[in-house]
S.K.: 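Below: one structure in structure tokens.
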Amino acid sequence: MMKIAPLIAFVAMIAATPALADPLGDAVKADMPGLLTIYKDLHAHPELSFKETRSAGILAAEAKKAGFTVTSGVGQTGVVAVLKNGPGPVLLLRADMDALPVTEATGVPYASQNKGVMHACGHDTHMTTWIAVARRMAAMKDQWSGTLVMIAQPAEEIGSGARAMLKDGLYTKFPKPDVAIAFHDSATLPAGTIGLVDGYVMANVNSVDIVVKGVGGHGAYPHLANDPIVLASRIVGTLQTLVSRETNPLESAVVTVGSFQAGTKHNIIPSDAHLQLTVRSYKPEVRQHLLDGIGRIAKGEAIAAGLPDDLMPVVTIADQNTPATFNTHDLTARMSDVFTKRFGADRVRMDKPQMGGEDFSEFWLADQSKQALLFWVGGVPKAKWDAAKGDVTKLPSIHSAHWAPDAEAVIGTATEAMTSAALDVLAKKP
């Protein structure tokens, strides 16, 4: 049995042993006060899709200061910053810049100064992290080899920005990536926690409009009209069978009618009704079946209602759409190891796919031979997470006027994660 005096000496020696050096973590902590100043400025000055000129200017200036070759105006307001550092793979890191048409209700002292516009999705944390990672990678050039392409993307919220940058020559005018990585803050994970999904992580998103036609008339004489409200109601009901009776229960699909508008007065049968749908899926074949089925059901119900050919419903699929985001297996597994090594197993978890949309998907779909990963960084402040006992239904979601992430935890964790990922992908060959 160890005597008391040697035991005390042993404990004292352990306590006096310095912790393992963490240059990356220390550098991020040292940079944090300035980063939070940038974050608060970006949060206070949000900009809508394709109007992110001020935000883009801030990011472009920071990248130039760090030594990147910077091109602005890619895909309207996008920024491409390139840092070549010897032979090796090409890595693309992406942040999105746009805000939402939401009136902020967080009460934070740095709340939006642009009336009716808010960073309710946390893209301000993404942009601030982008700046932080650019600084770290430029300062650590002796630790990696290859080409780093950092892009600040516009218009993610309307599913158009990634496509616009690709169309404007992202993969032809600039080094084409072998690997693409992005993160998104999360309102369903505690602050500083990383969430990973292997495979589909976000959904196909399509917006569909249906104009349901009929024959208007007086509400007292319905037999002299052909009521489009009744027909539209039948269409809404039958649309539910696309998921419940026509889609394999093991597949994921959503058909939601978010808007039903018709009529102007109690006693008037209108001549038309308007439906607006959001349609969600993962697999392309499921997406196509849902879209085809919407047209088939709308026409079938109109025929059953006795409408002539010239009064068939008009179904329009909006050009703005977001394809499903897919995380490639090898990169997901690799980054799971990288993140676990840096943060510990208690801060890294395998998460579930979501039915939200993300146009980061476009960068992998443009060349599916490459690797891609979108991961989550939790932003729910610890006090709020504990008060809700992890019940996310009691917490504000992203796109909520009340969403106020723990910015320091998100930016700090994401900067370390993105930088660690970049150093791993661009590691020098022995």
Side-chain angles (χ1 to χ4, degrees), residues 47-53 55-56 59-60 63 70-82 90-100 119 121-127 129-130 133 148-185 197 200-207 280-282 284 287 317-328 331 353-376 398-399 414 418:
E47 298 168 301
L48 294 174
S49 303
F50 287 129
K51 297 181 180 180
E52 312 93 339
T53 52
S55 302
L59 270 63
V70 177
T71 304
S72 298
V74 181
Q76 297 189 40
T77 51
V79 177
V80 180
V82 179
V90 178
L91 170 64
L92 181 148
L93 300 180
R94 171 271 211 170
D96 38 9
M97 300 184 291
D98 53 333
L100 288 158
H119 270 299
C121 201
H123 293 184
D124 44 1
T125 64
H126 303 178
M127 289 187 283
T129 297
W130 190 93
V133 173
L148 179 59
V149 179
M150 298 191 66
I151 64 170
Q153 181 209 305
E156 184 277 331
E157 295 295 355
I158 61 173
S160 301
R163 196 176 303 121
M165 293 191 78
L166 288 163
K167 187 176 180 180
D168 201 13
L170 179 64
Y171 280 6
T172 55
K173 298 176 183 177
F174 306 96
K176 186 177 180 180
D178 301 295
V179 176
I181 298 177
F183 89 95
H184 202 297
D185 69 308
V197 179
Y200 285 111
V201 57
M202 302 286 273
N204 293 307
V205 179
N206 286 97
S207 297
R280 312 273 170 145
S281 58
Y282 292 125
R287 170 186 177 273
I317 300 171
D319 288 337
Q320 291 181 355
N321 64 84
T322 303
T325 303
F326 187 83
N327 287 341
T328 53
L331 185 61
Q354 298 187 15
M355 276 294 177
E358 236 294 356
D359 71 352
F360 178 71
S361 55
E362 299 279 5
F363 300 118
W364 178 71
L365 289 171
D367 186 348
Q368 297 180 36
S369 69
K370 308 303 183 182
Q371 296 284 304
L373 172 69
L374 174 74
F375 65 94
W376 302 105
I398 55 173
H399 289 212
M418 293 284 274

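Along the sequence shown, the residues carry numbers beginning at 1.
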S.K.: Taking C-beta and beyond as the side chain, do M202 and Q354 meet within less than 4.5 Å on heavy atoms?
M.R.: yes
S.K.: Does a side-chain heavy-atom distance below 4.5 Å link P353 with V201?
M.R.: no
S.K.: Assess, by modelled atom type and distance only, whether the side chains of Q153 and D359 contain a donor and an acceptor separated by less than 3.5 Å.
M.R.: yes
S.K.: Is there a donor in the side chain of R287 and an acceptor in the side chain of N206, or the other way round, less than 3.5 Å apart?
M.R.: yes
S.K.: Between L170 and I151, is there a side-chain heavy-atom distance shorter than 4.5 Å?
M.R.: yes
S.K.: Tell me if a side-chain donor or acceptor on N321 pairs with a main-chain N or O of V205 at a distance below 3.5 Å.
M.R.: no
S.K.: Verify side chain to side chain contact (heavy atoms under 4.5 Å, CB included) between H184 and H123, making sure each step is shown before the conclusion.
M.R.: CA-CA 8 Å; H184 202 297; H123 293 184; 3.9 Å; yes
S.K.: For N204 and P284, which heavy atoms make the closest approach, and how far apart are they?
M.R.: ND2-N, 4.3 Å
S.K.: Any side-chain to backbone donor/acceptor pair from S361 onto P323? Under 3.5 Å, distance only.
M.R.: yes
S.K.: Under 6.0 Å between ring centres: does that hold for W364 and F326?
M.R.: yes
S.K.: Would you say E358 and T325 are linked by a side-chain donor-acceptor pair, where the criterion is simply a distance under 3.5 Å?
M.R.: no
S.K.: Show the nearest heavy-atom pair for residues A372 and L331, with the distance to one decimal.
M.R.: C-CD2, 3.5 Å
S.K.: Can a donor-acceptor pair be found, under 3.5 Å and without considering hydrogens, that links the side chain of E157 to the backbone of A155?
M.R.: no
S.K.: Under the 3.5 angstrom rule, does the side chain of D178 hit a backbone N or O of V90 as a donor-acceptor pair?
M.R.: yes
S.K.: Keeping T125 on the side-chain end and G122 on the backbone end, is there a donor-acceptor pair under 3.5 Å?
M.R.: yes
S.K.: Between F363 and Y171, what is the ring plane arrangement, given parallel below 30°, perpendicular above 60°, and tilted in between?
M.R.: tilted
S.K.: Roughly how far, to the nearest 0.5 Å, is the CE atom of M97 from the OG atom of S49?
M.R.: 10.0 Å
S.K.: Salt bridge or not between D98 and K51? Use side-chain N to carboxylate O under 4.0 Å.
M.R.: no
S.K.: Can you name the nearest heavy-atom pair linking L48 to A99, along with the distance?
M.R.: CD2-O, 3.8 Å
S.K.: Go through the steps to decide whether M127 and H119 satisfy the test side chain to side chain contact (heavy atoms under 4.5 Å, CB included), and finish with yes or no.
M.R.: CA-CA 11 Å; M127 289 187 283; H119 270 299; 3.7 Å; yes
S.K.: Between D185 and I398, is there a side-chain heavy-atom distance shorter than 4.5 Å?
M.R.: yes
S.K.: Restricting to non-hydrogen atoms, name the atom on N327 and the atom on L374 that form the minimum distance, rounded to 0.1 Å.
M.R.: OD1-N, 2.8 Å
S.K.: Between S160 and I158, is there a donor-acceptor pair closer than 3.5 Å when you use the side chain of the first and the backbone of the second?
M.R.: yes
S.K.: If we ignore hydrogens and angles and just use 3.5 Å, is the side chain of K173 paired with the main-chain N or O of D168 as donor and acceptor?
M.R.: yes
S.K.: Indicate yes or no: at least one non-hydrogen side-chain atom of M418 is less than 4.5 angstrom from one of W130.
M.R.: no
S.K.: Is any side-chain heavy atom of V70 less than 4.5 Å from a side-chain heavy atom of V80?
M.R.: no
S.K.: I need the single residue from Q368, K370, Q371 that forms a side chain to side chain donor-acceptor pair (under 3.5 Å) with T328. Which is it?
M.R.: Q371
S.K.: So which atom in V79 and which in S72 form the shortest heavy-atom distance, rounded to 0.1 Å?
M.R.: CG2-OG, 4.3 Å
S.K.: Any side-chain heavy atom of P154 within less than 4.5 Å of one from M165?
M.R.: yes
S.K.: Do you know the tightest heavy-atom contact between F183 and A414?
M.R.: CZ-CB, 3.5 Å
